[in-house]
Amino acid sequence: MCVMGREYASPVPEDAQGLIVVYDAQRQIVSLNWAARKPKLPVLTDSLDFRLAFLKGKSMDESWGSQPFQIQKNDGYLFTHLFTGGPDVQHILRDLASHDIITLFFGPLVTTSLYLNASDAVAKLRECSSKLAETAPAEPVQK
């Protein structure tokens with residue numbers, strides 16, 4: 001698997017965030033991960049649905065709708081959604097590469113909105129993962 005990530009620092013340490021994308025071309029999986037120290041959300045359980053949207057200029061693409069994110073708690077929180085299968089995997093990679101901003105909504109409220117500028121990073125992620133896929137034996141997908 002290959003990984004790309006971006007840290008979104010803040011003068012207030014509790015407001016720091018991160019976006020991590022893990023791609024496995026061979027198994028056709030993308031893991032989209034949002035890390036936050038203290039997200040402004042209701043009481044958290046094992047998973048939470050976020051409405052996922054992308055913004056380019058003034059145009060918003062909300063074609064992903066609501067997606068379940070698994071939650072892990074350590075020093076902060078990690079929210080993870082797995083995209084599986086060729087069409088969804090290629091779609092999310094295209095969206096990450098071609099949009100300016102990724103936004104997660106909880107209900108009608110914006111939970112986070114992160115600047116992307118990721119076209120070069122996604123190209124490198126695809127290249128890395130395709131090289132690994134050429135040399136590695138196939139493994140079954142586990143959710």
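The basis for the numbers below is simple: all heavy atoms, side chains too, and nothing from hydrogens, waters or symmetry mates.
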Ile20/Val3 under side-chain contact (heavy atoms from CB on, under 4.5 Å): CA gap, chis, key distance, verdict: CA-CA 7 Å; Ile20 304 127; Val3 179; 3.7 Å; yes
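- Across all their heavy atoms, Ser119 and Ala97 have their closest contact at CB-O, 3.3 Å.
- Under the salt bridge (charged side-chain N to carboxylate O under 4.0 Å, His left out) criterion, Glu7 pairs with no residue, sequence neighbours left out.
- Applying the 6.0 Å contact sphere to CZ of Arg37 captures no more than 12 heavy atoms from other residues, nucleotides or ligands.
- Listed by first then second residue, pairs satisfying ring pair (Phe, Tyr, Trp, His ring centres under 6.0 Å) with a partner in residues 99-131 read Phe54-His99, not counting sequence neighbours.
- Residues that satisfy the side-chain contact (heavy atoms from CB on, under 4.5 Å) test with Ser66, not counting sequence neighbours, are Asp49.
- The salt bridge (charged side-chain N to carboxylate O under 4.0 Å, His left out) test applied to Asp88 returns no partner, not counting sequence neighbours.
- Arg126 and Gln90 share a side-chain donor-acceptor pair at under 3.5 Å.
- In this structure, the separation between CZ on Phe50 and OG1 on Thr112 is 9.0 Å, given to the nearest 0.5 Å.
- To the nearest 0.5 angstrom, Asp61 atom CG is 11.0 Å from Thr103 atom OG1.
- Here OG of Ser31 is found 11.0 Å from CG of Asp24. Values are rounded to the nearest 0.5 Å.
- By the side-chain contact (heavy atoms from CB on, under 4.5 Å) test, Gln72 is found to be paired with Leu78, residues two or more places apart in sequence or in another chain being considered.
- Under the 4.5 Å side-chain heavy-atom criterion for ILVMFWY residues, no single connected hydrophobic cluster contains both Leu96 and Met1.
- Here Phe79 and His81 keep their ring centres 6.0 angstrom or further from each other.
- With hydrogens and angles disregarded, a donor-acceptor distance shorter than 3.5 Å links the side chain of Lys56 to the backbone of Ser98.
- The closest side-chain heavy-atom distance from Leu125 to Leu93 is below 4.5 Å.
- Proximity of Val30 to Val21: side-chain heavy atoms (C-beta onward) are separated by under 4.5 Å at one or more points.
- Residues Ile101 and Leu116 fail the side-chain proximity criterion, which asks for heavy atoms closer than 4.5 Å.
- One distance of note links CD of Gln17 with CZ of Arg6; it measures 12.0 Å at 0.5 Å rounding.
- For the atom pair CD1 (Ile102) and CG (Leu52), the distance works out to 5.0 Å, reported to the nearest 0.5 Å.
- Side chains of Asn117 and Asp100 form no contact here, defined as non-hydrogen atoms less than 4.5 Å apart.
- Leu32 places none of its side-chain heavy atoms less than 4.5 Å from the side chain of Thr80.
- The shortest side-chain heavy-atom distance between Leu82 and Ile29 falls under the 4.5 Å cut-off.
- Taking the six-membered ring where the residue is Trp, the centroids of Tyr8 and Trp34 are separated by 6.0 Å or more.
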Derivation and outcome, side-chain contact (heavy atoms from CB on, under 4.5 Å), residues His91 and Trp64: CA-CA 10 Å; His91 184 183; Trp64 286 106; 3.4 Å; yes
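- Qualifying side-chain contact (heavy atoms from CB on, under 4.5 Å) partners for Ser129, counting only residues two or more places apart in sequence or in other chains: Cys2, Tyr23, Ala25.
- Val122 is listed as a side-chain neighbour of Met4, based on a closest heavy-atom distance under 4.5 Å.
- In this structure, the side chains of Gln67 and Arg51 stay at 4.5 Å or more apart for every pair of heavy atoms.
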